[in-house]
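Presented below is the structure to which this report refers.
FYI, side chains are in, hydrogens and waters are out, and symmetry mates aren't considered; it's all heavy atoms of this structure.
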Amino acid sequence: QQVRQGMNGTSVTHTTIQLLRQLEAYIQEEIGAQSRMLGSLEDQALALKINAPERMLAATQALESEIAATQSRSRRRNELLAGLAQSWEVAPEALTLSSVVRRAGEEGTRLARQRGELERLAQRTSTLARRNGTAARFHERLTQDVVRALLALEDGVCVEDGGRLVNAEV
């Protein structure tokens, strides 16, 4: 039963509209997940800045928890796209959020807004994750350099480079 015409003459049936609403709910969940990940990354950045290991650990655990939930959300997204693909008689791999918005016509207006918000959050999350990774690697190298400097012997040999025999009877 055809309810409306989407873009490119695509039919938007009652079932398709239900799937679109479920996709909207999924996108909203994904926006929430991206927001939580961004918050955890911001906590990590602050922990790196103020050298707070406990705060870094808590932020990293929160981030790991969010990443672990990605698999179930991904499975749900794939199921929804498969349903829409069947409804529109296209391959599921051919559907992206942009193409769903186009095919849905007026029914995809909310999805279009959500897509923009999700893209902005994903970009901010990606940028901050890269920045944190760079800062953490720099922090690690700096710490290693400081430790090496502290462990260096007067003749320029580092304790890490090998052991020395010591006369214990002196």
Side-chain angles (χ1 to χ4, degrees), residues 16-87 91-104 107-153 157-163:
T16 304
I17 291 172
Q18 287 179 326
L19 287 168
L20 289 170
R21 296 302 166 255
Q22 291 174 24
L23 185 59
E24 288 172 0
Y26 159 78
I27 297 295
Q28 199 58 48
E29 286 176 28
E30 195 62 39
I31 288 169
Q34 287 291 320
S35 294
R36 289 187 299 276
M37 285 198 299
L38 186 59
S40 294
L41 287 166
E42 289 168 345
D43 285 347
Q44 276 187 336
L46 180 60
L48 280 167
K49 185 176 181 178
I50 64 173
N51 194 22
E54 301 83 20
R55 189 172 190 154
M56 174 62 85
L57 180 61
T60 301
Q61 288 172 337
L63 193 56
E64 287 173 348
S65 174
E66 204 57 55
I67 290 170
T70 301
Q71 186 176 7
S72 65
R73 286 194 313 273
S74 179
R75 189 173 32 256
R76 181 167 175 227
R77 180 194 65 233
N78 291 340
E79 290 168 358
L80 291 169
L81 290 177
L84 288 168
Q86 182 179 10
S87 178
E93 303 81 38
L95 292 180
T96 63
L97 194 49
S98 296
S99 71
V100 168
V101 167
R102 278 193 309 276
R103 289 174 186 275
E107 294 295 333
T109 304
R110 183 168 181 226
L111 276 173
R113 284 192 305 271
Q114 288 177 309
R115 181 190 66 192
E117 184 178 354
L118 184 57
E119 286 174 348
R120 283 187 296 280
L121 278 169
Q123 181 62 41
R124 287 177 55 200
T125 300
S126 176
T127 300
L128 189 52
R130 281 193 305 274
R131 190 175 301 145
N132 284 358
T134 300
R137 284 187 296 279
F138 175 76
H139 191 281
E140 178 184 29
R141 282 193 301 269
L142 179 63
T143 302
Q144 288 173 350
D145 289 347
V146 169
V147 168
R148 281 191 191 103
L150 292 172
L151 295 177
L153 301 175
V157 177
C158 184
V159 173
E160 289 181 340
D161 294 339

Distance, nearest 0.5 Å, that separates CD1 of Ile27 from CG of Leu97: 4.5 Å
Only pairs under 3.5 Å count here: list side-chain donor-acceptor contacts from residues 49-65, not counting sequence neighbours, and write none if there are none.
unit_1 : atom_1 : unit_2 : atom_2 : d
Thr60  : OG1    : Gln44  : NE2    : 2.8
Thr60  : OG1    : Met56  : O      : 2.8

CG on Leu23 to CG on Leu84, rounded to 0.5 Å: 6.5 Å
Salt bridge (charged side-chain N to carboxylate O under 4.0 Å, His left out): pairs with one or both residues in residues 129-146, sequence neighbours excluded: Asp145-Arg148
With sequence neighbours excluded, residues passing side-chain hydrogen bond (donor to acceptor under 3.5 Å, both in side chains) with Gln28: Gln114
Pairing residues for Glu117 by the salt bridge (charged side-chain N to carboxylate O under 4.0 Å, His left out) criterion, not counting sequence neighbours: none
Side-chain (Ser87) to main-chain (Gly83) donor-acceptor, under 3.5 angstrom: no
From CG (Leu46) to CG (Leu41), nearest 0.5 Å: 12.5 Å
Whether Ser74 side chain and Gln71 backbone form a donor-acceptor pair below 3.5 Å: no
Value rounded to 0.5 Å, distance of CG in Leu111 from OH in Tyr26: 11.5 Å
Check: Thr125 side chain, Leu121 main-chain N or O, donor-acceptor pair, under 3.5 Å: yes
Closest heavy-atom pair and its distance - Leu48, Ala135: CD1-CB, 3.9 Å
Heavy-atom neighbours of Gln86 CD exceed 12 at 6.0 Å: no
From CZ (Arg102) to OG1 (Thr96), nearest 0.5 Å: 6.0 Å
Min side-chain heavy-atom separation Arg115-Val100 under 4.5 Å: no
For Ala85 against Leu95, the heavy-atom pair lying closest together: N-CD1, 3.5 Å
Pairwise salt bridge (charged side-chain N to carboxylate O under 4.0 Å, His left out) hits with a residue in residues 18-30, at least two apart: Arg21-Glu24, Arg21-Glu107, Glu24-Arg110, Glu29-Arg76, Glu30-Arg73
Under the salt bridge (charged side-chain N to carboxylate O under 4.0 Å, His left out) test, residues paired with Arg124 that sit two or more places apart: Glu42
